[in-house]
Amino acid sequence: MARVAPLSGFPEWLPGGRVVEEHVLDVMTSTFQLYGYAGLQTRAVEPVESLLSKGETSKEIYLLRRLQATDDEAGESQLGLHFDLTVPFARYVAENSGKLTFPFKRYQVQQVWRGERPQDGRFREFTQADIDVVAPGELPAHYEVEVPVVMAAAFERLREIGVPPVRISVNNRRVAQGFYEGIGIADVDGTLRVIDKLDKIGPDRVVTALQTEVGATEQQARACLELASITATDASVADQVLALGVRNPLLEQGLHELVALVEGAAAQVPGVVVADLAIARGLDYYTGSVYETTLLGHENLGSICSGGRYDSLVDDGTHTYPGVGMSLGVSRLVSRLLRESIVRPTRAVPTAVLVAVVDEDTRVRSDDVARRLRARGIATEVAPVAAKFGKQIRHADRRDIPFVWFPSTADEPGDGEVKDIRSGEQVAADAGTWTPPEADLRPQVVPGG
RNA sequence: GUGGGUAUAGCUCAGCUGGUAGAGCGCCGCCUUGUGGUGGCGGAUGUCGCGGGUUCGAGUCCCGUUACUCACCCCA
């Protein structure tokens, strides 16, 4: 018996897991559409130069190579699988800028690949659900509010199936950069990298690391720490920062944007968006707002939905296009939902009705009942073998199929009887009119337990 | 890429200081001759991850290897 091992980092769900994933995807895409985002897909590959162009990407890229490749192809540009949906989108916008209308809002749900070491909730192949808004020249600031609001709205809908609430932590690159410059620290990126570890290594080691790795004085290090410890859900975030006594034009612009963000979000989705000046992840390539999302009670999962603003997301040669976006790690979220049974599907198969077969000679009667149910949108399958009815019922029970239909025999009138195998209730029914309750029509996703 | 842990039935795991493999769940059959779930009785299943070594004898000890997994790095 050959043993097939799973490939680490390449998740594959069982049918019931896929029901959950499909539900999440449906909630996300329908929410995106409600806010006017257009659906888009891009190819799986980009030239490696293109993947490497945005920022000094340290992402592990999977390269694409033909098995029969010859040496003459060595000069051709190497293709790599995309590691997010933002870079391909930027390339797509540059390529189609003449045919698109702006501001352009799009959602994109696709697999992405990263050659990193897999772990719980971290994969090498996973699905992202991404939204972005881009515009040439200037991007109105309110889109920096809209993007996290859209995501928050989608998460709100997921609460119905038992997904815990989320917190979207936000910060602004200009605040950190302006502050650091204001106190005389030159290595902004290095400082951010250290600050990002605050919750992991603690304040003391952060102060030490800032001195050894960034060359900050102890006083500068302590100031950075004070900045990073600020959180707020309203305009008081600006007061707290200014109370530290640092003044810098970039800092003030960033604070202005940050206040607009938390106040704007609070008005639309109260209690979700929190300014947290310790959020540093991603700040090295974003230029304005940054977002990070944690599932409450599952902080160890890391951020399930992140993003931010780029000033020059796209450059088509004549214009630069600032953009802002966020990406949900669908696989990360779904893996946690399944692993901890936070949600469960009511069944793993679409089937609402199993039509029993009396014997193989009369299977056509069962097929006929099934056909008439399907014609009215009721997912129906016919029993695989004409086993004893007890076995056929068990077949349905094992699959959580709620109804079994017993067809009438040739000398009986009508279509037979349909039994709700949960209650045992069985009634005569007409395949042309009988309909299961709405909740039984298709698999549902419900809180687990 | 760096460091730790684990690897036994379909699943979860037990197997003490070496003596030729077990439980629970699940699965199959019967009790139940055409309507399941509970109950009773019975049954099948493993190259003990792979390779080598020590030994009369290795699931058990040693070495190697692969896979999985956790942490770091980084991130959805």
Side-chain angles (χ1 to χ4, degrees), chain A residues 1-11 14 24 28 55-61 82-86 108-131 151 166 168 192-194 196-197 200-201 279-286 290-295 298 300-308 325-336 339 354 356-359 362 383 385-407 409 416-427:
Chain A
M1 210 188 294
R3 193 180 199 86
V4 274
L7 245 187
S8 175
F10 294 85
L14 289 168
V24 170
M28 299 314 295
E56 55 285 31
T57 313
S58 60
K59 303 229 170 47
E60 290 284 345
I61 297 170
H82 57 225
F83 53 78
D84 70 11
L85 300 178
T86 308
Q108 191 169 345
V109 178
Q110 281 182 247
Q111 309 279 93
V112 303
W113 295 268
R114 295 181 191 176
E116 303 164 349
R117 266 270 213 282
Q119 256 173 58
D120 180 20
R122 304 184 49 194
F123 305 103
R124 298 209 254 225
E125 175 183 71
F126 58 100
T127 303
Q128 284 193 327
D130 187 291
I131 54 172
M151 285 294 184
V166 299
I168 300 180
L192 289 169
R193 237 185 297 282
V194 175
D196 185 49
K197 297 188 181 122
K200 198 166 284 180
I201 67 177
I279 299 302
R281 181 179 302 175
L283 277 174
D284 52 337
Y285 45 86
Y286 293 117
V290 293
Y291 319 109
E292 214 175 89
T293 309
T294 46
L295 200 56
H298 299 270
N300 69 337
L301 190 58
S303 175
I304 56 170
C305 184
S306 303
M326 262 183 118
S327 223
L328 168 71
V330 176
S331 307
R332 173 171 288 184
L333 173 62
V334 169
S335 71
R336 178 56 60 99
R339 217 168 129 136
L354 176 78
V357 175
V358 175
D359 55 55
T362 62
V385 292
K388 287 196 271 192
F389 282 168
K391 289 263 192 64
Q392 300 195 43
I393 291 170
R394 197 169 63 181
H395 177 95
D397 191 35
R398 292 269 164 76
R399 292 164 178 73
D400 295 313
I401 296 170
F403 295 95
V404 174
W405 191 292
F406 300 101
T409 54
E417 300 189 336
V418 64
K419 175 192 184 89
D420 181 331
I421 65 174
R422 297 158 302 189
S423 64
E425 185 190 1
Q426 184 168 331
V427 296

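Here is how names work: the chains are called A, B, and so on, in the same order as the sequence lines, proteins then strands, and each is numbered from 1.
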Which side-chain N or O atoms in residues 123-130 of chain A pair as donor and acceptor under 3.5 Å with protein atoms at least two apart or in another chain?
residue: A:Glu125; atom: OE2; partner: A:Trp113; partner atom: NE1; Å: 2.8
residue: A:Thr127; atom: OG1; partner: A:Gln111; partner atom: OE1; Å: 2.4
residue: A:Gln128; atom: OE1; partner: A:Ser327; partner atom: OG; Å: 3.3
residue: A:Asp130; atom: OD1; partner: A:Arg106; partner atom: NH1; Å: 3.1
residue: A:Asp130; atom: OD1; partner: A:Arg106; partner atom: NH2; Å: 3.3
residue: A:Asp130; atom: OD2; partner: A:Ser327; partner atom: OG; Å: 2.9

Whole-Å distance separating the [atom1] atom of [X] from the [atom2] atom of [N]:
{"X": "A:Arg117", "N": "B:U2", "atom1": "CZ", "atom2": "C1'", "result": "8 Å"}
{"X": "A:Leu85", "N": "B:C75", "atom1": "CG", "atom2": "P", "result": "17 Å"}
{"X": "A:Leu301", "N": "B:A71", "atom1": "CG", "atom2": "P", "result": "11 Å"}

If we take the [atom1] atom in both [N] and [M], what is their distance in whole Å?
{"N": "B:C63", "M": "B:A71", "atom1": "P", "answer": "27 Å"}
{"N": "B:C56", "M": "B:C50", "atom1": "P", "answer": "25 Å"}
{"N": "B:U8", "M": "B:U47", "atom1": "C1'", "answer": "13 Å"}
{"N": "B:G39", "M": "B:G24", "atom1": "P", "answer": "14 Å"}
{"N": "B:A58", "M": "B:G19", "atom1": "C1'", "answer": "10 Å"}
{"N": "B:C41", "M": "B:U20", "atom1": "C1'", "answer": "31 Å"}
{"N": "B:G59", "M": "B:A7", "atom1": "P", "answer": "15 Å"}
{"N": "B:A9", "M": "B:G49", "atom1": "C1'", "answer": "15 Å"}

Under the rule for side chain to side chain contact (heavy atoms under 4.5 Å, CB included), what residues qualify as partners of [X], not counting sequence neighbours?
{"X": "A:Asp420", "result": "A:Phe403, A:Arg422, A:Ser423"}
{"X": "A:Gln119", "result": "A:Arg122"}
{"X": "A:Asp400", "result": "A:Arg347"}
{"X": "A:Ser8", "result": "A:Pro118"}

So which one's nearest nucleotide on RNA chain B is more toward 5', A:Val358 or A:Val330?
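Result of the comparison: A:Val358.
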
Using the closest heavy atom to pick a nucleotide of RNA chain B for each, name whichever of A:Gly302 or A:Lys388 lands nearer the 5' end.
A:Lys388

Suppose we call a contact any N or O donor and acceptor under 3.5 Å apart; does that hold for the side chain of A:Arg332 and the base of B:C75?
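Between B:C75 and A:Arg332, which were checked side chain against base, a qualifying N/O pair under 3.5 Å is present.
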
Can you tell me whether the side chain of A:Arg122 and the base of B:A76 have a donor-acceptor pair closer than 3.5 Å?
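Counting by modelled atom types and ignoring angles, no donor-acceptor contact under 3.5 Å is found here.
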
When you look for runs of 3 or more Watson-Crick or G-U pairs in a row, both distances below 3.5 Å, which of them include RNA chain B?
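Only these stems qualify: B:1-7 with B:66-72, B:10-13 with B:22-25, B:27-31 with B:39-43, B:49-53 with B:61-65.
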
Mind checking what makes ring-ring contact (aromatic ring centres under 6.0 Å, His included) contact with A:Phe406, not counting sequence neighbours?
A:Phe389

All N/O pairs under 3.5 Å across the protein-nucleotides 37-42 of chain B interface:
residue: B:G37; atom: N1; partner: A:Ile421; partner atom: O; Å: 3.4

Checking A:Gln392 against A:Val404 for the side-chain contact (heavy atoms from CB on, under 4.5 Å) test, could you report, in this order, the C-alpha distance in whole Å, the side-chain angles of both residues, the deciding distance, and whether it holds?
CA-CA 8 Å; A:Gln392 300 195 43; A:Val404 174; 5.6 Å; no

Among all residues two or more places apart in sequence or in another chain, which pass the side-chain hydrogen bond (donor to acceptor under 3.5 Å, both in side chains) test with A:Thr293?
none

Verify the contact: side-chain N or O of [X] to OP1 or OP2 of [N], cut-off strictly under 4.0 Å; return yes or no.
{"X": "A:Ser8", "N": "B:U69", "result": "yes"}
{"X": "A:Lys391", "N": "B:U35", "result": "no"}
{"X": "A:Lys200", "N": "B:C72", "result": "yes"}

Using a heavy-atom cut-off of 4.0 Å across all strands, would you classify [X] as base, sugar-phosphate, or nothing?
{"X": "A:Arg398", "answer": "sugar-phosphate"}
{"X": "A:Val404", "answer": "nothing"}
{"X": "A:Gln119", "answer": "base"}
{"X": "A:Ala386", "answer": "base"}
{"X": "A:Asp120", "answer": "sugar-phosphate"}
{"X": "A:Gly390", "answer": "sugar-phosphate"}

Could you tell me whether the side chain of A:Arg332 and the main chain of A:Ile304 form a donor-acceptor pair under 3.5 Å?
no

Rounded distance (nearest 0.5 Å) linking atom CD of A:Gln108 with atom OG1 of A:Thr86:
8.5 Å

Between CG on residue A:Leu295 and CG on residue A:Asn300, distance to nearest 0.5 Å
10.0 Å

Could you check whether A:Arg336 pairs with A:Asp120 (Lys NZ or Arg NE/NH1/NH2 to Asp/Glu carboxylate O, under 4.0 Å)?
yes

Check the geometry between A:Phe126 and B:A76 and answer yes if their rings are stacked (centres below 5.5 Å, planes below 30°), otherwise no.
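So yes, this residue stacks on that base, both cut-offs being met.
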
Closest to the [X] side chain, choosing from [options]:
{"X": "A:Ile393", "options": "B:C74, B:G36, B:A76", "value": "B:G36"}
{"X": "A:Gln426", "options": "B:C75, B:U35, B:C68", "value": "B:U35"}
{"X": "A:Arg114", "options": "B:C70, B:C74, B:A76", "value": "B:A76"}

